[in-house]
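Quantities reported herein were computed from a predicted structural model and do not represent experimental measurements. Naming: A, B, ... by sequence-line order, numbering from 1 per chain.
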Protein chains: 2
Amino acid sequence: MRTHQVVSAWLEQELAAGRLAIGSRLPGERSMAEQLGISRASVREGTRVLEALGVVRAGVGSGPQAGTIITGNPAVALDSALRLHVASAHLPVKDIVETRLLLEAWAAEHAWRGSPALERAARLLDEMDEPDGDDAGPGSFLERDALFHVALAEAAGNVLVGAMMGSLRGSIAAYTQRLTADLPDWGSTSDRLRHEHRAILAAIVAGEGRRAAGLVRDHIERFYRESGVHDQHPEG
Amino acid sequence: MRTHQVVSAWLEQELAAGRLAIGSRLPGERSMAEQLGISRASVREGTRVLEALGVVRAGVGSGPQAGTIITGNPAVALDSALRLHVASAHLPVKDIVETRLLLEAWAAEHAWRGSPALERAARLLDEMDEPDGDDAGPGSFLERDALFHVALAEAAGNVLVGAMMGSLRGSIAAYTQRLTADLPDWGSTSDRLRHEHRAILAAIVAGEGRRAAGLVRDHIERFYRESGVHDQHPEG
DNA sequence: TACGGCGTGTGGTCCGACCACACAAGATAG
DNA sequence: CTATCTTGTGTGGTCGGACCACACGCCGTA
């Protein structure tokens, strides 16, 4: 086993044994190096990995935000991973759209009606109704659009599904931005999107899961069809 | 931006520009440190992250396997990530089962009939028919069981879905192992699993996607119901 | 021609040093 | 006595240099 993996192996043990939990602070790098019998450089490599995986968060200085603290954020793991894999053209945009469709339709169908995520989604829709005051173009609209869809995914109460959609957000924002640039009439398109968003949320709140899932599917598919995503290359 | 992130940022640029691709070899750590104007320690932290994300693979010595080489393996990213997040009890087993159900049902419905993954799946089924010669108990059976399900997921031709199932494999193997220990009659259960596997694969090959999806759903759900997974805690 | 030792470049690990930072306790000025 | 400033301490962040094990390919040797 490579030396830096000692850190994650140790952390996994501590977590399983209940000696550490989310929110706990890890020993300092110097102290951990001594405890584990490895160098500080290796401890740091191990910590970097944990950080990339969204398991810990490192902060300098002193105080509550300082030190290396255990978090539970699986989304950051995929966020950066997806960026790289998309960049390497190993991950076609088509697959991302497909996966998004899959996750969101499922989430819409299984959404928990009392989820606070739905309230967040509703707030986002209200904000999207206000004309983009200062910012130009569809920038902040699409930002909230992506967040709205992530909120829907989280409403199903499945951490994994929520995390996966959360990490897709970055990729989604990237190409929706690109696609809207080619649209001839953004005004009417955004109006339609607004309307469809309302319909989706209403269906979920009304408990009509299957119908909501269908609406989500149409919503996403139509947008990509109109934008002609199928003609574009990942690096476009 | 933290220094070690210079590496992933640089790599992303190189990939996007087409100067690097999967299979390419990165410059040596020492040379890269000089090029990027950072220390070798930071380069190493950066490559450790890339390695954890499944973007590169590092090998010592010389020859074709040596050096840091770009791979496209998103699955390894989640594999370790899931282990840690499950250990931290941040990720309930219920969510994993649910996600598995979601991914596999979709994959069964969208499987590409000519996929080589289906041939692999068929071979695995044949191997599972042979009574576990030397190994005791359901060990290698469950191993192949998990691989069979991953193969089905890959048959849909979606890299992301395949990668997600691949990284779930570790977690799945962990608790199926645990659950089968409590089963009163493993012999009859494994017979039923074998039969269901055949039926699923046959439905896919016959092009009856929807029916295959239903079979998959029943297959997974029944197993977990019988095993009483709902009564178990993540750390069980 | 076949074999064996050696050079070279790779990542892997370690050490020791210094930096920027953020808080807390003490010293200081009002 | 209070408010402010200074200093101390511990944190992660970065750096340069050193040595190791490894695996290959070259080259001298038998």
Please state whether the phosphate of D:dG13, meaning OP1 or OP2, lies under 4.0 angstrom from any side-chain nitrogen or oxygen of B:T3. no
Salt bridge (charged side-chain N to carboxylate O under 4.0 Å, His left out) partners of A:R40, counting only residues at least two apart: A:E29
Residues pairing under ring pair (Phe, Tyr, Trp, His ring centres under 6.0 Å) where one sits in residues 145-174 of chain A, two or more places apart or in two chains, turn out to be A:F148-A:H197, A:H149-A:H197, A:H149-A:H219
side-chain contact (heavy atoms from CB on, under 4.5 Å) between B:L168 and B:L103, intermediate numbers included: CA-CA 10 Å; B:L168 284 175; B:L103 294 177; 4.0 Å; yes
Quick one: what's the B/S/- string for nucleotides 5-12 of chain D, heavy-atom cutoff under 4.0 Å, read 5' to 3'? -----BBB
Please report the distance, rounded to the nearest Å, between CD in B:Q65 and C1' in C:dG9. 16 Å
Strictly distance-based, threshold 3.5 Å: is any side-chain N or O of A:S140 a donor or acceptor partner for the main-chain N or O of A:E143? no
B:M32 CE - C:dG9 P separation (whole Å): 17 Å
How long is the line joining CD of B:E45 and C1' of D:dG13, in whole Å? 8 Å
In whole angstroms, how far is the P atom of C:dT13 from the CG atom of A:L36? 14 Å
Given side chain to side chain donor-acceptor pair (under 3.5 Å), test B:E12 with B:S8 step by step and report yes or no. CA-CA 6 Å; B:E12 190 175 349; B:S8 42; over 6 Å; no
In whole angstrom, what separates B:E51's CD from C:dG12's C1'? 11 Å
Nearest whole Å is fine: how far is D:dG13 C1' from B:H4 NE2? 10 Å
Separation of A:T68 OG1 from A:R44 CZ (nearest 0.5 Å): 8.5 Å
